[in-house]
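Have a look at the structure below before the remarks.
We count ligands from 1, going down the list as the structure has it; atoms in each ligand are counted the same way.
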Amino acid sequence: MNDARNPGTPLTPDWFEGVTVNRSAAERRTAQIPARRSVKKDHQAAWLIHAIRCIDLTTLAGDDTAERVRRLCAKARQPVRPDIQAALGLAEERIATAAVCVYPTMVPHAVAALAGSGIPVASVATGFPAGLMPLPLRLAEIRWCVEQGAAEIDIVITREHALRGDWPALYDEIAAMREACGDAHMKAILATGELGSLTTVHAASMVAMQAGADFIKTSTGKETENATLPVALTMIRALRDYQGRTGHAVGFKPAGGLRSAKEAMVWLSLIREELGLRAMQPDLFRIGASSMLGDIERQLEHHVTGRYAAQSHHPIG
Ligand SMILES: O=C[C@H](O)COP(=O)(O)O
C-alpha cells in the first residue's frame, strides 16, 4: 500500500460545491472503453497477471467460515496454478493478490493463514454494509480489527449524510474513522449505488479524500447497483482534481459484481487512460472481487493451452 498516507485537508466545500456531473456524458465517455481492443493479444496475459496483483481477494458472505478463509488465503498466495505460471515463463515470479478482504471475525484466521506472505489483511468495518450503527461502536470495530492484525480497513459511509448534503457530518465521521485506523490504511466505501446522483458521488468522493481516506471505493458489493464505469469516471475525476490541488495521489477501488477477466482489462484501461501507468499499481488501484480470479486463471490457461477449462476447474471459495 502507498506508504505516503493521505494527510487530508480541512473540509473545503469550494472543491465540490457547484460541480455538476452529467451522467449521459459520463456514460458516453465510458461506453467506448469495453469495445476498444487497446491491449494487444500477446500483452493480455501480462495485463491479467497485473490484474491479479491488484485484486483484494474477497469473501464477505454470511456463511463464511475459518476454513473458507484459509482456502482463500492459500489462493491469494498462489493465485495461478504453478504449471500455468511456468508455461507463461513466470516460474520464478512471485505472483500474489494485493490483499485478502474479509469480515472482522475472520481477520484472525486470515492473519494466521497469510503469516510470512507479505499479503495484508483488509477488513470491512463500521457496521458493513449499511453502516447504521452508533459511531462509537463503529470506531471500536475499526480498532478491534486493527488489534487483530488488519493492515487495511474498508469503512462504509453514512449515506444519509451525503444524500442530505450534510458534508460536515460526513467529513467528521470519516475523519474519526481515519483516526481510529491508526497505521492501518483506510478505504472509504461510498456505496455509490445508494447516493442518488453522480454529482453526489463526486462530492462524497472529495469529502472522503479531504477527511483523509487513503482509497475511495465504489461499493460494498451488497447494493443493487455496484461498480459501474460512469461512477468510476466520476470518482477518478475527483481523485485527479484532489491530487492536482494537494499533490497527493489517493487510491481507487471498484468493487461489487466484477466477475470476468475482460472486466479486469476494461478497468485497467480506464485507469491507464484517465490517470496513467503509475495509478495502475496496487498501492493505488485495487479490484474488490470474490470471483474474478477464477475467470482470469481460466483465461491464462486458455492463453497457454488454447483450451478452456471448466469453470469448476478453478474454484476458490
Ligand atoms: O469488495 C467487496 C465486494 O463485496 C466484492 O464484491 P463481489 O463479491 O461481488 O465480487
Side-chain angles (χ1 to χ4, degrees), residues 1 48 51-65 68-69 71-73 75-76 79 97-107 110 114 119-131 141-142 145 150-157 159 177 184-195 201 205 208 213-229 231-232 235 251-268 271 282 284-299 311 314-317:
M1 184 69 92
L48 291 178
I52 289 174
R53 287 175 164 145
C54 293
I55 287 178
D56 283 359
L57 195 56
T58 300
T59 186
L60 293 169
D63 63 352
D64 279 341
T65 63
R68 175 185 286 170
V69 168
R71 284 201 303 273
L72 196 74
C73 291
K75 196 67 183 168
T97 66
V100 168
C101 184
V102 295
Y103 271 115
T105 53
M106 292 295 144
V107 168
L114 292 174
I119 301 171
V121 175
S123 180
V124 294
T126 65
F128 180 97
E141 188 182 34
I142 291 174
C145 293
E152 301 174 8
I153 303 292
D154 290 25
I155 64 102
V156 291
I157 68 166
R159 289 53 145 187
M177 293 171 179
H185 284 246
M186 186 180 81
K187 307 188 194 90
I189 305 174
L190 305 183
T192 55
E194 294 174 343
L195 294 190
V201 168
S205 300
D214 296 296
F215 264 71
I216 51 177
K217 174 178 173 183
T218 62
S219 318
T220 65
K222 313 300 182 188
E223 290 82 59
T224 309
E225 179 192 87
N226 291 284
T228 68
L229 292 175
V231 159
M235 296 172 71
F252 175 64
K253 178 177 175 181
L258 304 180
R259 303 266 180 271
S260 70
K262 177 164 177 43
E263 287 175 295
M265 302 285 282
V266 167
W267 285 96
L268 284 169
I271 295 297
L284 289 175
F285 177 63
R286 296 287 180 82
I287 301 173
S290 61
S291 58
M292 175 184 274
L293 177 57
D295 191 55
I296 290 179
E297 206 179 354
R298 284 183 70 238
Q299 299 306 323
Q311 283 266 351
H314 296 290
I316 295 178

Checklist entry - After noting the C-alpha distance and the side-chain angles of Lys75 and Glu297, does the key distance pass the salt bridge (Lys or Arg N to Asp or Glu O under 4.0 Å) rule? => result CA-CA 11 Å; Lys75 196 67 183 168; Glu297 206 179 354; 2.7 Å; yes

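Taking a heavy-atom cut-off of under 4.0 Å, ligand 1 is surrounded by Thr58, Leu60, Lys217, Thr220, Gly221, Ala255, Gly256, Gly257, Arg259, Gly288, Ala289, Ser290.
Glu263 meets the side chain to side chain donor-acceptor pair (under 3.5 Å) test with Ser260; sequence neighbours excluded.
For the side-chain contact (heavy atoms from CB on, under 4.5 Å) test with Phe128, the passing option among Asp154, Ile189, Ile155 is Ile189; the others fail.
Taking OG1 of Thr218 as the reference point, atom CG of Asn226 lies at 6.5 Å (rounded to 0.5 Å).
Residue Ala99 comes nearest to Glu152 through the heavy atom pair CB-OE1, 4.0 Å, listed as atom of the first residue, atom of the second, then distance. Closest heavy-atom contact between Asp64 and Met106: O-CE, 3.6 Å.
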